[in-house]
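So that the names make sense, note that chain A is the first sequence line, chain B the second, and so on, each numbered from 1. Quick caveat, the model's predicted, so the values are computed rather than measured.
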There are 2 protein chains.
Amino acid sequence: MPFGGCDGPLSSARWGCAPRVRVAIRTTTDSEKGSMGRPRIKDVAQYAGVSAKTVSNVLNDYEHVSERTRTAVREAIDTLGYRVNIAGRQLRRGRTGMIALAVPDLDVAYFAELARHVMAETERRGSTTLLVETGGRREKELAALHGFDAQFTDGVILSPLALEPADLADRDTRLPLVLLGECNLPGSADHVAIDNVTAAREATGHLLARGRRRIAVIGGDLRGSRNTSRLRTVGHQEALAAAGVALRQELVLPVPAFRWADGAAAARTLMRLPERPDAMLCLNDHLALGAVRALHEDGWSVPGDLDVTGFDDIEATRYSIPTITTVAPDKRGIARRAVELLLDRIDADGPGGPAVDETAGHRLIVRESSGG
Amino acid sequence: MPFGGCDGPLSSARWGCAPRVRVAIRTTTDSEKGSMGRPRIKDVAQYAGVSAKTVSNVLNDYEHVSERTRTAVREAIDTLGYRVNIAGRQLRRGRTGMIALAVPDLDVAYFAELARHVMAETERRGSTTLLVETGGRREKELAALHGFDAQFTDGVILSPLALEPADLADRDTRLPLVLLGECNLPGSADHVAIDNVTAAREATGHLLARGRRRIAVIGGDLRGSRNTSRLRTVGHQEALAAAGVALRQELVLPVPAFRWADGAAAARTLMRLPERPDAMLCLNDHLALGAVRALHEDGWSVPGDLDVTGFDDIEATRYSIPTITTVAPDKRGIARRAVELLLDRIDADGPGGPAVDETAGHRLIVRESSGG
DNA sequence: CCATACGATTACATCGATGTAAATGGCGGT
DNA sequence: ACCGCCATTTACATCGATGTAATCGTATGG
């Protein structure tokens, strides 16, 4: 049943979603232990003069319930202020109706936006999303992978940062899992991501087309464990190669995290090089915003002196000064597909088919920071 | 028990938090229905040669369990890959160990940051946070108020926008509730917020001290239902009055939402007035960032032509161009206190004491957008 | 008027973990 | 040897909802 919704399509049609609240009137003389005196299905049954199972049938829109009974039960529910106890239902059904979404960091707007889409999609499909932050720490990602040491959720959508291939190899495959973003973990679980190599190639291509030749990559890294960095750096280098532009190793600069401060620090480092860059391909928007700010403080003009581009198309890039050229992933599509894949696996209730690898769309949005 | 943690202090000390995963080996010949063949407490008991209750005792760190037994049970748990079934525990205990945090919009960075703090705090205290977006819609806020039509959570922390006093009056008081932010709903539930009137007075005072006299309020509203707007507008007017500056009604401009686009639109509206403002007190940072952007596009300089200030101190205000003067609420303190109040109510397991009204700290951070 | 069918309803067992109270067993004291 | 004490362990009932299968009752066909 939908969390935050009502109990079943019929009842939700009948009552709407704003519950009328009346303090429950316990008519039974049962002891008041248990759930703080909340009425149980049995109380409703007694009040309505039917069996508990009939109440259950009404709740679950079982078809063979007479209109009279249905009405009586609903009145009882309404009067007593009854709500189903999820624990009981879940125990019986073996499903929680909840999935977990584990992302590294909600402060990173991309993940907040993605989370909204995932929550909207799961709600639409009658499930509930439990949002968890991993901080990009491996231990937390592992916990997510395994359902958090408790059978809390029916499945997990995980956007990993620190996870290693071996971690996925010996995971408990009974828990449905969908991975988001970049993983070098083929075949082990369903996976949804944009084509990062192509996206980075396009962004670099755009900068090259504007005549930039010394393009730095903030967040770039070919050897690190962060796959986003690797794939996007590869795309960058492919574009350089295709244009016959030499790669300068010193312009590819890894960062500890993908946040404003890291972008600002990286930009300053790069501008101290003997041969300064004339563009900065930042691997996410926060890095780009941080870089732009640092450049501004040091008296450089964007896009006058340098071009800057980002990734993710967070809302801030449309209002910053200058606005930021960025690669916009189809967040809605990613969320929708991820939820779809996960719920399908859950419904399949078994190993299901082989792992699916899906590519979501993206597009380059040129804005002021690279002359748009 | 902590979600995302381990089972109880002892076991978590014993095993650490990164679960070693082995595919469970079911030694019993029980039918494989139920939770997808996961081992139950009974299976562990059988494997370890003890009763189910003893396993439960080990799980819950009951003191009178011999070391031998404890070890045997733990080995069994480890071998079988057992995890407690929350549904069963919850049904028996009548608690879920989860609380809900309902905020209007995760895209609004303040709420994302607040959510992180709340999640960190609940995790520290052994609970789990279920994060829900209300979109500021009354029906969703009501749902949160009532525990989402299902006994999903032990309590709710709600940051309301659209809620009306009457909604709180007849709520089901069995569900512990803490309100965040501004509410004109005294006494009905615990409540944590900063002193908005004072904060706004300080911000306006700062602008007045800089010689600004025509100070617009973006998001301001004395009659609307949004309490944040009302209280901050009151503070603004108090400051004007104290300084003997006349209030211009046309400079107080309500907005439909507190996002970049609304700030941008409002700024444009204000600059079309016959007598233009010389400062804009924006009631959150997104409005301020949007206003700054719009002013920039139309050729106005901040802080040259106008000062702009915000509220909330989201991270973006430290990296925007210009950086934004803002009122920084003690988010950490708000989160900590809210969680504390809620968990106390939950532990009290009854009506508890009268509703508490707590004021969190805040401070004005002067940055470039008002000459800092 | 009886047999049949089927819609409506119900009794009962069950999901997994844990509180209660009672049983078990070892040990020291008399 | 008997008793009582206490640490340890266990049997059993229970939390609330629902699947199963059985029952009840009424309409229909022969």
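Distance, Lys42(B) NZ to dA11(D) C1': 13 Å, rounded to whole Å. Look at NE2 on His64(B): it is 13 Å from C1' on dC5(D), rounded to the nearest Å. With rounding to whole Å, Arg40(B) atom CZ is found 12 Å from dT14(C) atom P. Here the P atom of nucleotide dC15(D) and the CD atom of Gln90(A) are 18 Å apart, to the nearest Å. Between the CG atom of Leu80(A) and the P atom of dG16(D) there is a distance of 14 Å, given to the nearest Å. Between the C1' atom of dA17(D) and the CD1 atom of Ile77(A) lies a distance of 13 Å, rounded to the nearest Å. Between the CD atom of Glu63(A) and the C1' atom of dA8(C) there is a distance of 12 Å, given to the nearest Å. The separation between Leu91(A) atom CG and dG16(D) atom P is 12 Å, rounded to whole Å.
Between the side chains of Thr153(A) and Thr96(A), no donor N or O sits under 3.5 Å from an acceptor N or O.
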For a quick check, with a 4.0 angstrom heavy-atom cut-off, what is the B/S/- contact string for nucleotides 18-26 of chain D, read 5' to 3'?
BBB------
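A salt bridge is absent between Arg345(A) and Glu340(A); no separation between the charged side-chain nitrogens and carboxylate oxygens falls under 4.0 Å. The pair Asp167(B)-Arg138(B) meets the salt-bridge criterion, with a side-chain N (NZ, NE, NH1 or NH2) lying under 4.0 Å from an Asp/Glu carboxylate O. Ionic pairing of Glu121(A) and Arg124(A) is present here: one or more N-O contacts between side-chain nitrogen and carboxylate oxygen are shorter than 4.0 angstrom.
A donor-acceptor pair under 3.5 Å links the side-chain atoms of Asp190(A) to the main chain of Val356(A), judged by distance alone. Here the side chain of Arg95(A) pairs a donor or acceptor atom with the backbone of Ile346(A) at under 3.5 angstrom. Not a single donor-acceptor pair under 3.5 Å links the side chain of Glu141(B) to the backbone N or O of Thr134(B). Judged by distance alone, the side chain of Thr71(A) and the main-chain N or O of Glu67(A) form a donor-acceptor pair under 3.5 Å.
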Intermediate values then yes/no, salt bridge (charged side-chain N to carboxylate O under 4.0 Å, His left out), Arg70(A) and Glu75(A)
CA-CA 9 Å; Arg70(A) 203 179 289 272; Glu75(A) 259 172 42; over 6 Å; no
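Each end of the helix from dC1(C)-dG30(D) to dT30(C)-dA1(D) yields a helix axis from five base pairs, and these two axes differ in direction by 60° (to the nearest 10 degrees).
Counting non-hydrogen atoms under 4.0 angstrom, Thr54(B) reaches a base of the nucleic acid.
When distances are taken from the side chain of Ser51(A) to each of dT10(D), dA8(C), dA11(C), the shortest belongs to dA11(C).
For dG7(C), the OP1/OP2 oxygens have no side-chain nitrogen or oxygen of Ser66(A) closer than 4.0 Å.
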